[in-house]
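Heads up: the structure comes next, in structure tokens.
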Amino acid sequence: PGGESSFPPRYWEYRGQALHLLGRHEEELAVAREGAGEFPNSPTIARTALRALVALDRLAAVDSVVAVVGTATGSNADLAWTASLELRAHGHVEEALATANSAYEELLEQAPKDGSEAGLEARVRLLYAAERWGEALSVAEKLAEIDPRDPDHLGYLGCAHARLGQRLEAEAVSRRLEALDEAYLRGGHTYNRASIAAVLGHQAEAVRLLQQAHQQGMYLNIWATHLDPDMRPLREFGPFMSFIEPRG
């Protein structure tokens with residue numbers, strides 16, 4: 001039914017992100033419902049609904065969206081990950097951890113031996129959201145072996161080391177990221193270095209790296225400014241807040 005629409009699902013998601021950051025959550029939810037009318041089982045549009053529902057404290061409805069869209073698409077891992085991060089960003093810590101843990105256990109039941117890159121990526125995201133740092137490190141190490149030049153794999157590896165207090169190992173991963181010279185990185189490697197620095201408590205260095213990542217082409221969207229758990233240590237740091245402040 002959505003195939004005839006003149007707008008792809010991302011259109012509604014980007015509108016929703018802007019409204020979310022402006023705190024206009026009822027409008028954000030209306031945008032999600034409008035998009036769902038075109039693409040009823042789109043995980044992209046479901047993410048917009050999830051963000052609005054969490055911000056409006058309609059948490060029971062969050063579980064419903066994850067379950068319905070997850071059933072229609074065959075997996076709720078990505079939606080549950082988004083829901084967990086959004087819950088955490090809005091202060092619902094217990095609910096965030098429970099959502100990530102539940103989705104991770106379900107993922108293991110569905111595909112207990114899935115050692116593919118995509119399968120491991122789904123696992124490390126949920127383990128990280130569940131704050132199971134040791135297990136996340138183990139999976140990140142496997143991902144870094146599969147593709148040692150993927151900046152996101154190295155980002156999880158370095159941040160997991162940092163979360164576990166393994167500063168030397170985290171800094172070594174940051175140097176690996178700095179040395180990457182792949183095409184089309186667009187600042188992704190530098191953003192992950194900023195994440196490692198933030199977790200290690202190097203706030204000024206983290207902001208400097210974020211600015212550098214932006215100059216390299218990194219689009220600092222709702223992930224960096226609102227959802228990313230590794231940016232949480234910067235939330236009350238003046239230079240970070242000035243950097244992400246909307247300008248128009």
Side-chain angles (χ1 to χ4, degrees), residues 13-25 28 47 51-52 54-55 81-82 84-93 96-97 124-125 128-129 131 133 136-137 140 150-182 184-248:
E13 183 177 40
Y14 291 151
R15 286 177 63 195
Q17 286 185 11
L19 291 166
H20 193 91
L21 293 176
L22 290 169
R24 293 158 57 179
H25 303 303
E28 178 186 10
R47 283 195 294 268
R51 282 191 285 268
V54 170
W81 174 64
T82 299
S84 177
L85 293 177
E86 196 65 64
L87 286 162
R88 188 66 176 81
H90 285 274
H92 302 290
V93 179
L97 297 177
V124 77
R125 285 195 296 265
Y128 204 85
E131 301 184 3
W133 313 124
L137 175 61
D150 185 303
D152 290 334
H153 295 177
L154 292 177
Y156 274 115
L157 181 64
C159 286
H161 277 305
R163 294 280 186 177
L164 291 166
Q166 299 167 356
R167 302 181 71 87
L168 294 179
E169 293 86 346
E171 290 167 354
V173 175
S174 183
R175 289 192 293 272
R176 288 174 63 182
L177 283 161
E178 184 179 19
L180 288 181
D181 58 359
E182 307 297 299
Y184 308 114
L185 287 170
R186 296 190 178 91
H189 60 315
T190 307
Y191 181 88
N192 280 294
R193 293 187 64 212
S195 298
I196 294 170
V199 177
L200 288 174
H202 305 318
Q203 294 179 314
E205 175 70 0
V207 173
R208 183 189 71 79
L209 289 167
L210 283 173
Q211 293 169 335
Q212 184 178 332
H214 182 62
Q215 293 166 357
Q216 292 169 343
M218 183 73 183
Y219 172 44
L220 301 179
N221 58 11
I222 196 170
W223 170 253
T225 60
H226 178 63
L227 286 179
D228 189 348
D230 295 324
M231 293 297 145
R232 203 172 298 134
L234 303 179
R235 292 285 181 248
E236 297 182 5
F237 184 53
F240 173 77
M241 300 307 295
S242 296
F243 176 58
I244 66 170
E245 183 180 5
R247 294 171 176 82

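Just the heavy atoms: all of them, side chains too, but no hydrogens, waters or symmetry mates, feed the values below.
When all heavy atoms of Ala96 and Ser84 are compared, the closest pair comes out as O-OG, 2.8 Å. Heavy atoms only, all atoms of each residue included: Ala206 and Ala198 are closest at CB-N, 3.8 Å. When all heavy atoms of His20 and Ala55 are compared, the pair lying nearest together is CE1-CB, 3.9 Å. Residues Pro151 and Leu185 come closest through the heavy atom pair CG-CD2, 3.9 Å. Contact record, Phe240 with Leu234: CD2-O, 3.2 Å, taken as the closest heavy-atom pair. Minimum heavy-atom separation, Pro239 to Val207: O-CG1, 4.2 Å.
To the nearest 0.5 Å, the span separating CD on Gln17 from CG on Asn221 amounts to 5.5 Å. Of the inter-residue distances, the one linking Gln211 atom CD with Phe243 atom CZ reads 5.5 Å to the nearest 0.5 angstrom. Atom NE2 of His92 and atom CG of Leu97 lie 13.0 Å apart (nearest 0.5 Å). Here the CD atom belonging to Gln215 is positioned 10.0 Å from the OG1 atom belonging to Thr190, to the nearest 0.5 angstrom. The CG atom of Leu209 sits 10.0 Å away from atom NE2 of His189, with the distance rounded to the nearest 0.5 Å. How far SG of Cys159 is from CG of Leu164: 11.0 Å, rounded to the nearest 0.5 Å.
Of the options Asn192, Leu177, Ile196, a side-chain contact (heavy atoms from CB on, under 4.5 Å) to Leu154 is made by Leu177 and by none of the others.
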Before giving the answer on side chain to side chain contact (heavy atoms under 4.5 Å, CB included), spell out for His202 and Arg208 the whole-Å C-alpha distance, their side-chain angles and the decisive distance to 0.1 Å. CA-CA 10 Å; His202 305 318; Arg208 183 189 71 79; over 6 Å; no
Please lay out, stage by stage, how His226 and Glu86 fare under the test side-chain hydrogen bond (donor to acceptor under 3.5 Å, both in side chains). CA-CA 8 Å; His226 178 63; Glu86 196 65 64; 2.6 Å; yes
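The environment of Glu236 atom CD is sparse: at most 12 non-hydrogen atoms of other residues, nucleotides or ligands sit within 6.0 angstrom. Heavy-atom neighbours of His214 NE2 from other residues, nucleotides or ligands within 6.0 Å: at or below the threshold of 12. Applying the 6.0 Å contact sphere to CZ of Arg235 captures more than 12 heavy atoms from other residues, nucleotides or ligands.
Counting only heavy atoms from C-beta outward, the side chains of Gln166 and Leu137 approach each other to under 4.5 Å. With contacts defined as side-chain heavy-atom distances shorter than 4.5 Å, the pair Tyr184/Arg186 qualifies. The side-chain heavy atoms of Glu205 and Ser174, taken from C-beta on, include no pair separated by under 4.5 Å. Under the 4.5 Å side-chain criterion, counting only non-hydrogen atoms from C-beta, Ile244 is not in contact with Leu220.
Counting only N and O atoms by type, the side chains of His25 and Glu28 include a donor and acceptor under 3.5 Å apart. A donor and an acceptor atom, one from each side chain of Tyr128 and Asp230, are located under 3.5 Å apart.
A donor-acceptor contact shorter than 3.5 Å links the side chain of Ser195 to the backbone of Tyr191. Between the Arg193 side chain and the Arg176 main chain, no donor and acceptor come within less than 3.5 Å of each other.
Classified by interplanar angle (parallel below 30°, tilted 30° to 60°, perpendicular above 60°), the ring pair Trp81/Trp223 is tilted.
Under 4.0 Å is where a charged nitrogen must lie from a carboxylate oxygen, and between Arg175 and Glu178 no such pair does.
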